[in-house]
Amino acid sequence: MITELSATEMAHRIREGTLSPVQVVEAHISRIEQTTAAINAVVTPTFEQARQRAHEAEAARKRGELWGPLHGVPFTAKDSYDVAGVRSTGGLVSREGHFPTTDALLVARLRAAGAILLGKTNTPSNAGAYETCNPVFGLTNNPWNVTRSAGGSTGGEAAIIAAGGSPLGIGSDLAGSIRLPSAFNGIVGLRPTSNALATEGFWPPITGRIADLNALGPMARRVEDVALGWDVLNEHDPQPIDTAVLRGQRVVYWFSDGTLPVSNAVRGGVNAAVRALEQAGMQPVANAPAGRTGAGFAYGKYWRAEEREVYDRSFGNGERWSPWGEILRALRGRARIETPTLVLWALLSSPWLAPGIDGAAWRERLRAEMRELLGAQGVAVCPVFPTTAPKHGWSSWSALFTNSYTTWVNLAGLPGLAVPVGFSGNGMPVAVQIVGNPGTERLLLAAGMAVQQALMPQWVGPKL
């Protein structure tokens, strides 16, 4: 099936003329339509524009013209990204009427490389929670089991990619928002080094030290597609992945955040990934940075008052909304923001959060620990979350206890790659994250490719 092909293979077949952009786009539109009722992932389709662009791409190819390495390949974008002429809400009722006049920079770069936008995907309000639900578009379900969470905040993107409705997408990761939904949905997601890619046209505004925590990046079903997306987003010529760079380097691994233990399935996934990297020539070392434990509290303390002020105003599209005021509205039945986002927002805004912790000092300690553990070209393998995707509603009560699994990476500003490694006994995807020092994205992609080749050589999608 066309919708099971990798983006890399689609691009190759379109260049060779054995597959047309029209066929590819129509197949993906059909798959989105088939799955929308079940998962609610693509919330603002751009199907007519995509069809027109696909015909233009096909005509260009017949003339011998190629627009770029993604000529005719479809993609989707998280609703946090502006798209010219298309409603771009960020999951907020305050932005329901927002129709930008220009594309976000990363959307523009994908289009310049020949990619064709299929639509915008769901996100929690202001990309502010670990589950994907908002008052504008409702709840997104996991395609492997619709009673389970798709994760957040890039949950709509991860769900539609896993379901076969899109081969490539772009998300954001301020506290785990690419890696967590990628893990829950069994796809690959790259959180680059913080602030590695420009944020023009992205909502909410990324200011001050928030930029030290946030990163925009690509998501796909296969490591080679994420690598292709990473090159395009950087405006680089696509480069092959070289797993030879792994030989002789360290792979440091651990199984928990130092507080909350993981399930047997997740522990087995870490072990399997480490074995795959050992087979690729890496040297396993069982160790962990001490600073990962409790990093969620230090993450909250890293935000300064001026950055919280900008964030508060972003919920109201410039008007200052208070989390406490929104909680009162919700109790009166007039909620403008869903509960998981309200809970995290209130915690982040609390003056009583972790008194005495210096977030900046914690960040530097973490970075130093990782440099010492990994050396120049080593990687770390560890869990993204203590279990496979939990049932809906989990983050309203447990996000505070699980967020250190992802936020330590954000606090340190490091790149991290979520990679599927198999399935648990309940049929849900199991994943790990591969983490490196700043600027080592290509190294992480090489490690991810070695894991994929050993454990997931063929894509297996949900029977939705």
Side-chain angles (χ1 to χ4, degrees), residues 4 35 38-39 41 130-132 139-152 154-155 157-164 176-189 219-223 251 253-257 259-279 380-395 397-399 401-406 416-435 447-448 450-464:
E4 293 179 350
T35 59
I39 63 173
Y130 289 115
E131 291 187 81
T132 296
L139 177 69
T140 293
N141 297 319
N142 191 306
W144 295 94
N145 183 333
V146 296
T147 69
R148 294 188 178 266
S149 172
T154 321
E157 198 63 49
I160 199 59
I161 291 171
S177 290
I178 286 175
R179 289 162 292 141
L180 190 74
S182 293
F184 282 5
N185 292 276
I187 69 165
V188 183
M219 303 164 73
R221 291 186 292 270
R222 308 299 285 169
V223 174
V251 51
Y253 65 97
W254 59 89
F255 298 105
S256 82
D257 68 346
T259 303
L260 193 67
V262 299
S263 67
N264 289 335
V266 172
R267 176 177 284 269
V270 172
N271 276 324
V274 172
R275 286 195 299 271
L277 291 172
E278 185 176 16
Q279 291 168 4
V381 173
C382 55
V384 185
F385 192 76
T387 67
T388 57
K391 291 188 175 181
H392 292 301
W394 68 273
S395 70
W397 58 271
S398 66
F401 305 106
T402 57
N403 71 350
S404 284
Y405 273 90
T406 53
L417 181 75
V419 184
V421 294
F423 298 90
S424 67
N426 64 5
M428 297 303 293
V430 178
V432 300
Q433 59 180 337
I434 305 173
V435 183
V451 170
Q452 177 178 283
Q453 289 171 339
L455 303 177
M456 300 284 286
Q458 300 296 323
W459 166 251
V460 178
K463 306 302 180 186
L464 188 67

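Just so you know, these numbers use all the heavy atoms, side chains as well, and skip hydrogens, waters and symmetry mates. Everything numeric in this text was worked out from a predicted model, so none of it was measured.
At a threshold of 4.5 Å between non-hydrogen side-chain atoms, the residues Met428 and Asn142 count as touching. Considering only heavy atoms from C-beta on, Phe184 stays 4.5 Å or farther from Thr388 through its side chain. Considering only heavy atoms from C-beta on, Pro429 comes within 4.5 Å of Trp144 through its side chain. Met219 has its side chain within reach of Ile178: a pair of non-hydrogen atoms, C-beta onward, lies under 4.5 Å apart.
Taking all atoms of both residues into account, the shortest heavy-atom contact from Ile39 to Ala163 is CD1-CB, 3.9 Å. Nearest heavy-atom pair across Ala454 and Gln279 is CB-OE1, 4.5 Å. When all heavy atoms are compared, the tightest approach of Glu131 to Gly393 is OE1-N, 2.8 Å. Between Val460 and Phe423 the shortest heavy-atom distance is O-CZ, 4.2 Å. The shortest heavy-atom contact between Pro181 and Ala158 is O-CB, 3.5 Å. Across all their heavy atoms, Thr140 and Ala159 have their closest contact at CG2-CB, 3.9 Å.
A donor-acceptor contact shorter than 3.5 Å is absent between the side chain of Ser256 and the backbone of Pro261. Between the Ser398 side chain and the Phe401 main chain, no donor and acceptor come within less than 3.5 Å of each other.
Here the straight-line distance linking atom OG of Ser182 with atom CZ of Arg221 works out to 12.5 Å at 0.5 Å rounding. Here the CZ atom belonging to Arg222 is positioned 13.5 Å from the CD1 atom belonging to Ile161, to the nearest 0.5 angstrom. Of the inter-residue distances, the one linking Thr154 atom OG1 with Asn185 atom CG reads 10.5 Å to the nearest 0.5 angstrom. Taken from CG in Leu260 to OG1 in Thr402, the straight-line distance is 7.5 Å, to the nearest 0.5 Å. With rounding to the nearest 0.5 Å, the separation of CG in Leu277 from CD1 in Ile434 is 5.5 Å. Annotation: the span from Asn141 atom CG to His392 atom NE2 amounts to 4.0 Å, rounded to 0.5 Å.
Judged as a side chain to side chain contact (heavy atoms under 4.5 Å, CB included), and not counting sequence neighbours, the contacts of Val384 are Arg179, Leu180, Ala183, Thr406, Gln433. Residues satisfying the ring pair (Phe, Tyr, Trp, His ring centres under 6.0 Å) test with Tyr405, not counting sequence neighbours, are none.
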Task: side chain to side chain contact (heavy atoms under 4.5 Å, CB included) evaluation trace for Thr35 with Ile160 - done: CA-CA 8 Å; Thr35 59; Ile160 199 59; 3.8 Å; yes
Task: Stepwise side chain to side chain contact (heavy atoms under 4.5 Å, CB included) check, Trp254 with Val381 - done: CA-CA 7 Å; Trp254 59 89; Val381 173; over 6 Å; no
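More than 12 heavy atoms of other residues, nucleotides or ligands shown are found within 6.0 angstrom of CG on Asn426.
Ring centroid separation for the pair Trp394 and Phe385 comes in under the 6.0 Å cut-off.
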